[in-house]
Each structure stands twice: as C-alpha cells, then as structure tokens.
Protein chains: 2
Amino acid sequence: MAKEMNPVKRDRPPPVSIDDVDRKLLRLLAEDATRKYAELGEAVHLTAPAVHERVKRLKRDGVITGTVATLDGKKIGCPLLAFIHVDTDGWGLTDSVLELGGLADVEEIHSAAGDTCVILKVRMRGTQDLEALLARIYRFEGVRSIRSHVVLNTYLERGPKPEIEIGGSAE
Amino acid sequence: MAKEMNPVKRDRPPPVSIDDVDRKLLRLLAEDATRKYAELGEAVHLTAPAVHERVKRLKRDGVITGTVATLDGKKIGCPLLAFIHVDTDGWGLTDSVLELGGLADVEEIHSAAGDTCVILKVRMRGTQDLEALLARIYRFEGVRSIRSHVVLNTYLERGPKPEIEIGGSAE
DNA sequence: GTTGAAAGGCCCTCTGC
DNA sequence: GCAGAGGGCCTTTCAAC
C-alpha cells in the first residue's frame, strides 16, 4: 500500500473513527452531559435511538471516558490553585510522585519536556497546605528544585473538546 | 463574639455550609455522576429522597457547577498536551488572552503570581497547531516571553475533590 | 439510518411519620 | 431526617421499513 509512502500521514492515526456528527455530540456532552438524547438528536439532525447508538459506541471505544460532576473549588473550601513544577536529577522520582495521586489536593500529574520534569496541578485549602506539600516533595530523592505558580484568577477551565473541522483550528 | 479574636479562623469562611455527608456525596459524584441516588444513599446511610434533596441543594448553591462527559484527548485527535506560560509587561494582555478561550484547543486560562503572568493549558492535534498558537500569542502587545511545557505523559487528571476530614490532608 | 410502540427504570414529588 | 407510593419522563429495546 501507499500508506508508508505518504509523508502527510500521521505516524499513529487513531484506531477509532469519529466523524463530524460524533464530534458535535462530544462537544455537547463535554459541555453538559445531562442533555437528553432527543435534544442531542435535533442538534445533529438524528433521532434519539440513533444518537443513543453513537454515544454507546463512543463510550465503548473509550472516547468518552466517564461522566463527572464538576465542583467549585472555592465552595468546597479549596480556593488555592497552584501549578508545581518539579525538577529532578534522574527518573527515580516517578514512584514517589505517583503516590501524590492519593492526595485529594492533587488533581493532575504530568511528566514534561523542557526545563522541568514533573508538573502538578493542586487545589488546596490554603498556603499552609501548600507549604506542607512542598516540604513533602522536597523530601523525595533526586529533587533538584521546585517552582510554584499560585493562580490568582481562573478565566477558563474545562475538559478536552474535539476540533470541529479537519482543516480549521478554532471556534 | 470571639470570632475575630481567634487567629485560627480563616479570613473568608465559605458562605455555603457543607458537612461530611455532603463531602462524601461530592466525591462520589465527582468520580462518577451517573451513580443512582439509591446507590449514593447506601454509601452515606441515607435514603434516595434525602440524597436527592442534598444534591439539589448543592447544585442550587453552586457547589456542583455542572455535569460533563470526560473525553480521551488522544482518541479525539488531540494527543499533544502543553502548558504555556506567558510573561507580559503590563496587564493589557488580559483581553487578548481571554479571546483564546474561543479556541477549542485552550482548556484553561489562569492568571498567576510568580515569574509568569498567564498560564494556559492547551490540547492540540500536533506541534504545528502549537506553533501557530504561540505565533498568535507573540503577536499580542506586551508579551515579553513565552515558555512552553509539552507533556510527555499524564499520570493523573481529574477535577476538584473535597477533603474528607477537617483536620486531615489526605486520602 | 428511520418510525412507532412498548417495557422498564429511575427521577422526583408528595404524603405521612 | 425516614418510609412508601405514585406519576411521569426518559432511556432502551424491539419491531418493520
């Protein structure tokens, strides 16, 4: 086949096929998962059973990974949001860092390229909790430095949303 | 009152009151919002109508801000996750940056303390889209520097979760 | 894919306790 | 706060097209 000969092809095309109707459904559900199938149907010009079939497929294929309630950080007593960048010597950090996932404060753990190795997103009750967490991280082996970025205000915060067009980059 | 005399008190206690049962419900719903009221009820030793009443109150008070479907970034064709730190001269950046919220790629926009002013979380189809976005940001007035942190692997990614204990910091 | 219909489940409310 | 019962909406499936 001409597959490997085409330089435009991505190296790893997604194994699941998603069309524009799926994308629109995903966008709507990513915004509000309580929408009824009938409502979704009229948005994409399909009937409720057809929509149900697509959504079921999207869940089965792992495109939709779950349905969750979003909470207000301040209202639950965690007004302090921060990003923590941890720079390490080697890679022995990994196991220790993954343990941080057990803390309710820690929302995200990523490994990253660039001048930092691990990026954490944490939401805490106050600066004292943040201090305690930093102290704990510093106790890990191989930690060279930590930089904290305390968030002053959040203007946007949402989950992944599929692009609407294949060639475009926006809306 | 002895309120102002107690140095332990927080400066701004949350206006909505949430007890431990609420917190447990919030944790369960933040994990999986499709849980049935009966199931939630037996987890907190309450009946379904009682749970329903609490959840309704939590939504009315804005503690629960919504119910959304979570999507797999890779499966929807956006495997490239990155954090972008934008450093600016003044504050004129704000309006321009907020416009970025219109892009589907941009998931989060925060203003931050420290050596960076704005933190963006973006999820894109590839490095070309990232380059285009960076070029766009550089065109903004007052942008001094940009640092991008491309995520290699995500170990944890979830929404806010209330602490389970008043004094504790974990599970 | 569609329409129509039917069964079942759960939400939600209301009533008393 | 509990228990129980009822109405109604919606999901979900099945038929036939």
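Naming: A, B, ... by sequence-line order, numbering from 1 per chain.
Cluster annotation: A:Ile84 is not connected to B:Ile119 through the hydrophobic network of ILVMFWY side chains, with a link wherever side-chain heavy atoms come within less than 4.5 Å. Placement of A:Leu152 and A:Val122 in two distinct hydrophobic clusters is found when ILVMFWY residues are connected by side-chain heavy-atom separations under 4.5 Å, directly or transitively.
Between B:Arg54 atom CZ and C:dC11 atom P the separation is 17 Å, expressed in whole Å.
Judged by distance alone, with hydrogens and angles left aside, the side-chain atoms of B:Ser111 form a donor-acceptor pair with the main-chain N or O of A:Asn153 at under 3.5 Å. Between the side chain of B:Asp61 and the backbone N or O of B:Val63, no donor-acceptor pair lies under 3.5 Å. Counting only distance, with no hydrogens or angles, the side chain of B:Arg35 and the backbone of B:Leu28 share a donor-acceptor pair below 3.5 Å. Put simply, the side chain of A:Thr65 gets close to the backbone of B:Thr70: a donor and an acceptor are under 3.5 Å apart.
A heavy atom closer than 4.0 Å to some atom of DNA chain D occurs in A:Lys36, A:Tyr37, these being the qualifying members of residues 35-47 of chain A.
For the pair A:Asp129/A:Leu133, no side-chain contact is recorded, criterion being any heavy-atom separation below 4.5 Å from C-beta on.
Here the two rings, on B:His110 and A:Phe83, have centers that are under 6.0 Å apart.
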Contact list (N/O, under 3.5 angstrom) for nucleotides 13-17 of chain C vs protein:
{"from": "C:dT13", "atom 1": "OP2", "to": "B:Lys56", "atom 2": "NZ", "distance (Å)": "3.3"}

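Residue B:Glu131 places its CD atom among 12 or fewer non-hydrogen atoms of other residues, nucleotides or ligands, all under 6.0 Å distant.
Here the CZ-CG distance, from B:Arg54 to B:Asp19, works out to 4.5 Å after rounding to the nearest 0.5 Å.
In summary, contact between chain A and DNA chain D, defined as any nucleotide atom under 4.0 Å from a heavy atom of the protein, begins and ends at D:dC10 to D:dT13 in the 5' to 3' direction.
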